[in-house]
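Below you'll find the structure, written out as structure tokens, and then a few comments.
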2 protein chains.
Amino acid sequence: MGRTDEVFAALASPVRRDVLRLLLDGPQPVQRLAEHFDMRRPSLSEHLKVLREAGLVSERRQGRFRYYSLEAEPLRDVADWLTPYERFWRAKLAGLRDLLDEEEL
Amino acid sequence: MGRTDEVFAALASPVRRDVLRLLLDGPQPVQRLAEHFDMRRPSLSEHLKVLREAGLVSERRQGRFRYYSLEAEPLRDVADWLTPYERFWRAKLAGLRDLLDEEEL
DNA sequence: TTGACGGGTAGGGGATTTCCTACCTATTGT
DNA sequence: ACAATAGGTAGGAAATCCCCTACCCGTCAA
């Protein structure tokens with residue numbers, strides 16, 4: 001599994017996407033993140049592990065707390081992957097779909 | 001599972017992302033798509049089903065062929081989801097550039 | 001020092017994924 | 001009409017995912 005694969009796989013879970021959204025407000029300890037989820041803490045720990053291994057979060061230990069921070073850089077891969085499709089949904093919005101269809105066949 | 005969930009889940013598979021990439025060249029029958037994958041056709045059919053249910057492809061029957069087309073519009077959800085993170089990876093890049101500039105001194 | 005707290009790991013169970021082979025339908029060419 | 005072709009569905013096996021409980025370590029406070 002390449003790194004981009006891991007990033008897309010990590011984003012496949014709504015829980016993990018929610019974690020990233022929460023981290024937009026800044027680094028937070030696990031407990032605070034856990035308040036937002038209806039699951040036991042070890043399960044959240046595993047989600048954090050997936051995010052860590054995809055490079056999407058980092059942790060900083062401080063006393064008995066572990067602050068998790070957003071690492072958005074791998075998301076650039078997603079944005080880059082998305083680029084070639086952009087013109088297609090823009091075309092759709094502009095009502096140019098018929099034109100595209102003619103081009104295609 | 002909401003629609004955005006389905007889209008992210010569909011993109012989690014490298015095979016399905018490859019299918020979308022192939023469809024950038026225009027609608028194609030299943031056979032032609034299958035040439036690019038090391039798997040039996042029914043397995044590919046199931047991947048196509050996942051893409052269909054996520055709204056990422058559509059099919060048009062013509063004779064005994066089924067032409068699959070890219071439907072990029074749901075990808076806009078992904079792009080929208082990405083937006084709030086953009087400034088973070090830009091910040092990171094700027095930081096790296098600053099570091100490099102310092103080193104160059 | 002001892003308990004409580006923050007948070008990770010181990011291991012298991014059920015659900016889901018992903019591949020397979022076998023089979024089915026619809027269309028086309030002979 | 002019949003065989004071949006395009007491609008979907010059925011059902012099963014293996015792997016993976018996601019949640020759980022039980023347990024572990026490190027840190028802080030009494």
Side-chain angles (χ1 to χ4, degrees), chain A residues 1-23 26-71 105, chain B residues 1-23 25-71:
Chain A
M1 225 195 199
R3 199 186 79 135
T4 300
D5 281 1
E6 278 179 358
V7 172
F8 274 103
L11 297 182
S13 156
V15 170
R16 290 189 292 262
R17 291 199 306 279
D18 282 347
V19 168
L20 295 180
R21 186 177 44 74
L22 290 168
L23 291 179
Q28 294 174 53
V30 176
Q31 257 195 141
R32 176 128 38 166
L33 295 171
E35 290 167 9
H36 299 271
F37 300 98
D38 183 26
M39 75 175 56
R40 306 292 169 192
R41 207 192 21 71
S43 304
L44 181 57
S45 266
E46 281 157 22
H47 283 297
L48 290 171
K49 185 179 188 176
V50 173
L51 289 168
R52 240 185 293 126
E53 290 175 349
L56 286 163
V57 302
S58 60
E59 81 169 8
R60 180 191 85 218
R61 280 161 224 227
Q62 183 168 338
R64 44 185 169 173
F65 296 86
R66 280 152 137 106
Y67 285 82
Y68 276 86
S69 304
L70 178 66
E71 295 294 334
L105 202 69
Chain B
M1 224 195 200
R3 198 185 81 136
T4 301
D5 281 1
E6 277 179 359
V7 173
F8 273 102
L11 297 182
S13 157
V15 170
R16 291 189 292 262
R17 291 199 305 279
D18 282 347
V19 168
L20 295 180
R21 185 177 44 76
L22 289 167
L23 292 179
D25 294 335
Q28 294 174 53
V30 177
Q31 257 195 140
R32 177 131 37 167
L33 295 171
E35 290 167 9
H36 300 270
F37 299 98
D38 183 27
M39 74 174 56
R40 306 290 168 195
R41 209 195 19 73
S43 303
L44 182 58
S45 266
E46 282 156 22
H47 283 296
L48 290 171
K49 184 179 189 179
V50 172
L51 289 168
R52 241 186 290 124
E53 290 176 349
L56 286 164
V57 302
S58 61
E59 77 166 15
R60 180 190 87 219
R61 279 160 222 231
Q62 184 168 338
R64 51 187 162 170
F65 295 87
R66 283 156 138 105
Y67 284 83
Y68 276 85
S69 303
L70 179 67
E71 296 293 335

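The chains referred to below are lettered A, B, ... by the order of the sequence lines, with proteins before strands, and numbering in each begins at 1.
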Which pairs of donor and acceptor atoms, one on a side chain in residues 26-34 of chain B, lie under 3.5 Å apart (sequence neighbours left out)?
| residue | atom | partner | partner atom | Å |
| --- | --- | --- | --- | --- |
| B/Gln28 | NE2 | B/Leu22 | O | 2.7 |
| B/Gln28 | NE2 | B/Gly26 | O | 3.4 |

Whole angstrom value for the distance that separates P of D/dC18 from CG of A/Asp18: 14 Å
Letter per nucleotide, 5' to 3', of nucleotides 6-12 of chain D [B base touched, S only sugar-phosphate touched, - untouched; heavy atoms, 4.0 Å]: SBBB-B-
Whole angstrom value for the distance that separates C1' of C/dG7 from CZ of A/Arg60: 16 Å
Tell me which donor-acceptor pairs under 3.5 Å the side chains of residues 38-52 of chain A have, and how far apart each pair is, sequence neighbours excluded?
| residue | atom | partner | partner atom | Å |
| --- | --- | --- | --- | --- |
| A/His47 | ND1 | A/Arg16 | NH1 | 3.1 |
| A/Arg52 | NE | A/Tyr68 | OH | 3.3 |
| A/Arg52 | NH2 | A/Tyr68 | OH | 3.3 |

Shortest non-hydrogen contact between B/Ala12 and A/Ala9, atoms and distance: CB-CA, 4.2 Å
Flag side-chain contact, heavy atom, 4.5 Å: B/Leu56 against B/Leu23: no
Qualifying residues under salt bridge (Lys or Arg N to Asp or Glu O under 4.0 Å), relative to A/Glu53, sequence neighbours excluded: none
Whole-Å distance separating the CG atom of B/Asp5 from the P atom of C/dT16: 14 Å
Euclidean distance, atom CE of residue A/Met39 to atom P of D/dC20 [Å, nearest integer]: 7 Å
Set of residues satisfying side chain to side chain donor-acceptor pair (under 3.5 Å) with respect to A/Arg60, sequence neighbours excluded: A/Gln62
N/O (side chain, B/His47) to phosphate O (OP1/OP2, C/dC19) under 4.0 Å: yes
C/dT21 OP1/OP2 closer than 4.0 Å to side-chain N/O of B/Arg40: yes
